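Fair warning: this is a prediction, and the values are worked out from it, not measured in the lab. Numbering of ligands and ligand atoms starts at 1, following listing order.
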Amino acid sequence: MNIVKKQRDFFQTQKTKEISFRKASLKRLMQEIINREDAICDALYADFKKPKFETLAAETQFVLAELKHAIKNCTSWARPQRISPSLMNWPSADYIYKEPYGTVLIIAPWNYPFQLAIAPLVGAIVSGNTAVIKPSEVTPNTAKIISEIIKSVFEPNYVSVVEGGIEVSQKLLAEKWDYIFFTGSTRVGQIVYESASKHLTPVTLELGGKNPCIVDQTATIATAAKRIVWGKFLNAGQTCIATDYILVHKSVKDVLIEALKKSIINFFGENVEQSSDYARIVDEKHYTGLKSMLLGEDVLFGGDTNDTDNFISPTLVNEPSLDGKLMEGEIFGPILPIISYEDEIDIKRHIMNYGKPLATYVFSNRKSFQRKIIETYSFGGGAVNDTVIQITNKRLPFGGVGNSGVGAYHGKASFDLFSHHKSIIKKANWPDIPLRYPPYTLPIKYVKKIKSLF
Ligand code: NAD
């Protein structure tokens with residue numbers, strides 16, 4: 001593809017390595033997003049009726065915070081880092097140089113279509129790379145505004161957008177990139193990983209998973225219910241770190257269910273369809289898939305649908321069939337299964353049924369139980385007594401593990417992710433201790449002790 005060659009040539013000019021160039025680019029991008037913030041909200045509303053509050057909080061303001069942090073810290077992050085030398089090389093000055101990879105491909109999904117295309121771009125730019133973004137075709141209005149913004153801020157040989165669907169994505173993946181940053185499903189993540197392996201291209205895979213939320217008998221139920229409902233039905237459940245299913249201690253199950261129902265009504269009213277604070281399912285394909293997950297299940301609350309605009313109300317499912325469609329994989333919609341447990345063996349049995357999730361939540365007032373969940377299970381990240389908020393601290397790296405992904409970003413972690421860490425030792429010409437050169441004269445009994453010099 002022509003664009004890859006052009007970006008490669010531009011990268012070779014060394015321009016992107018200038019800190020002033022990176023900062024100026026980030027500032028221009030920031031200003032353009034500020035200027036067009038309302039238009040971005042309109043695009044996401046047109047795509048799936050995303051409430052303006054949610055677009056501002058989770059897309060534009062989120063990205064603006066990343067930009068501000070990157071502009072402020074670009075100089076210090078990029079500076080070669082002095083490292084203490086080893087005795088072996090005395091005297092020397094040792095460093096880690098942060099080197100941009102080169103030309104980066106960013107492939108974005110549709111659920112936070114603005115944030116998940118632009119937040120990785122901030123990382124690519126602050127660390128001195130050029131970038132091509134492939135936004136999701138499922139949210140065409142957002143893809144269009146992303147393309148317009150990038151065109152008005154950058155020369156295409158530096159940053160550009162290639163719009164299109166799966167075939168375009170496949171064509172892009174066939175190219176040789178210096179780094180690929182992919183956000184999307186585990187299934188497509190595998191395809192991306194395979195394509196990258198042909199050129200030994202390093203990748204970040206930000207994938208999904210089946211995120212458990214454990215509520216024990218000591219949890220503060222009213223607060224737990226509010227925070228679970230908020231994190232689950234935000235974006236109509238189409239959030240990679242939303243609770244996928246609840247595991248609740250059987251002694252508090254009924255109280256929790258009542259509190260969950262109350263929170264849903266408090267947040268969205270008796271008629272959720274009329275609420276301006278509730279998004280729609282992104283398209284008919286996903287809508288039909290979600291509806292079919294409810295077949296044969298015990299719907300405790302909600303379950304209302306409207307085919308005209310892919311509406312599914314917040315839905316609670318009681319004790320789902322464990323080998324049914326609902327519990328087969330990631331739900332990624334406003335359906336919340338509630339499973340009761342008796343003891344920790346039960347918890348383990350459920351969690352270990354799935355690959356390592358992107359998030360895990362625990363509601364409990366017992367510190368020992370909170371710690372046990374955090375330390376026993378492997379997952380991308382999570383929260384104690386809350387959901388989803390782990391993404392809101394730019395100093396916390398965000399990413400999955402195992403099935404939920406490879407690599408982590410946000411804030412400085414993004415800078416580190418898009419930089420090769422180049423180790424350099426600067427050595428003096430004198431003294432030049434002869435012991436390392438052949439013919440080796442140092443007695444073996446001393447060679448066996450040199451480990452303390454490394
Ligand atoms: P997806 O994997 O279907 O698509 C993501 C991107 O890949 C799109 O741009 C699409 O055009 C492209 N694509 C699709 N099929 C392809 C193929 N066969 N070959 C090459 N490219 C292809 O994901 P989605 O439906 O857009 O997003 C939902 C998924 O993303 C969920 O699993 C969710 O958990 C995950 N997700 C993860 C994070 C995270 O940060 N970890 C964030 C949001 C979403």
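- Remark: Lys261 is not positioned above the aromatic ring of Phe301, lacking an NZ or CZ atom under 6.0 angstrom from the ring centre and at most 45 degrees off the axis.
- Shortest contact from atom 23 (O) of ligand 1 to any protein heavy atom: Ser185 N, 3.4 Å.
- When only non-hydrogen protein atoms are considered, atom 34 (O) of ligand 1 lies nearest to Glu330 OE2, 2.5 Å.
- Residue Ala108 touches ligand 1 through its backbone alone, judged by heavy-atom distances below 4.0 Å.
- At a heavy-atom distance under 4.0 Å, no atom of Ile241 approaches ligand 1.
- Looking at Pro357, Cys240, Gly209 and measuring to atom 39 (C) of ligand 1, the nearest heavy atom belongs to Cys240.
- A donor-acceptor contact shorter than 3.5 Å is absent between the side chain of Lys50 and the backbone of Ala279.
- The shortest N or O to N or O distance between Pro109 and ligand 1 is not under 3.5 Å.
- Under 4.0 Å is where a charged nitrogen must lie from a carboxylate oxygen, and between Glu155 and Lys6 no such pair does.
- By the 4.0 Å N-to-carboxylate-O rule, Asp346 lies close enough to Arg349 to be salt-bridged with it.
- Close approach to Phe398 involves these atoms of ligand 1, each under 4.0 Å from a residue heavy atom: 40 (O).
- At the top of the distance list for atom 17 (C) of ligand 1, counting protein heavy atoms only, stands Ile166 CG2, 3.5 Å.
- In summary, the atoms of ligand 1 found under 4.0 Å from a heavy atom of Glu206, numbered by their order in the structure, are 37 (C), 38 (C), 39 (C), 40 (O), 41 (N).
- Under the ring-ring contact (aromatic ring centres under 6.0 Å, His included) criterion, the residue pairs touching residues 140-171 are Phe10-Tyr158, Phe21-Tyr158, Phe154-Tyr158, with sequence neighbours excluded.
- A salt bridge links Glu148 with Lys144; the closest basic N to acidic carboxylate O contact falls under 4.0 Å.
- For atom 13 (N) of ligand 1, the nearest non-hydrogen atom of the protein is Val188 CG1, 3.8 Å.
- A 4.5 Å side-chain heavy-atom check between Tyr179 and Asn129 finds every atom pair outside the cut-off.
- Of the candidates Leu207, Asn211, Ile331, it is Leu207 that places a heavy atom closest to atom 41 (N) of ligand 1.
- Annotation: atom 35 (C) of ligand 1 to nearest protein heavy atom, Gly184 O, 3.2 Å.
- By the 4.5 Å heavy-atom criterion applied to side chains, Leu290 and Pro334 are counted as neighbours.
- Contact annotation for Thr186 and ligand 1: no heavy atom of the residue comes within less than 4.0 Å of the ligand.
- No N or O atom of Arg187 sits closer than 3.5 Å to an N or O atom of ligand 1.
- Ring pair Trp177/Phe11: centre-to-centre distance not below 6.0 Å.
- For ligand 1, the atoms lying closer than 4.0 Å to a non-hydrogen atom of Leu116 are 42 (C), 43 (C).
- If you check the side chains of Thr60 and Glu37, you find a donor sitting under 3.5 Å from an acceptor.
- Using a non-hydrogen distance threshold of 4.0 Å, Tyr112 does not register as a contact of ligand 1.
- The only option from Lys285, His286, Arg280 that meets the side-chain hydrogen bond (donor to acceptor under 3.5 Å, both in side chains) definition with Asp283 turns out to be His286.
- Ring centroids of Phe418 and Tyr409 are separated by 6.0 Å or more, keeping the two rings apart.
- Annotation for ligand 1: atoms under 4.0 Å from non-hydrogen atoms of Lys134 are 8 (C), 9 (O), 10 (C), 11 (O).
- Only the side chain of Ile191 comes within 4.0 Å of ligand 1, counting heavy atoms alone; its backbone N, CA, C and O stay farther away.
- Given atom 21 (N) of ligand 1, the protein heavy atom at minimum distance is Ser169 OG, 2.7 Å.
- The nearest heavy-atom contact from the protein to atom 25 (O) of ligand 1 is Trp110 NE1, 2.8 Å.
- Close approach of ligand 1 to Phe332 (heavy-atom distance below 4.0 Å) involves ligand atoms 28 (C), 31 (C), 33 (C), 34 (O).
- Separation of the Phe62 and His410 ring centroids falls under the 6.0 Å cut-off.
- The option with the heavy atom closest to atom 43 (C) of ligand 1, from among Ile107, Asn111, Leu172, is Asn111.
- Annotation: side-chain hydrogen bond (donor to acceptor under 3.5 Å, both in side chains) contacts of Thr239 (sequence neighbours excluded): Tyr112.
- Per-residue contacts place Glu137 under 4.0 angstrom from the following atoms of ligand 1 (heavy atoms of the residue considered): 10 (C), 11 (O).
- Counting only distance, with no hydrogens or angles, the side chain of Asn403 and the backbone of Lys356 share no donor-acceptor pair below 3.5 Å.
- Near Gly208, meaning under 4.0 Å from any of its heavy atoms, are these atoms of ligand 1: 34 (O).
- Here the heavy atom of the protein found nearest to atom 5 (C) of ligand 1 is Thr183 O, 3.7 Å.
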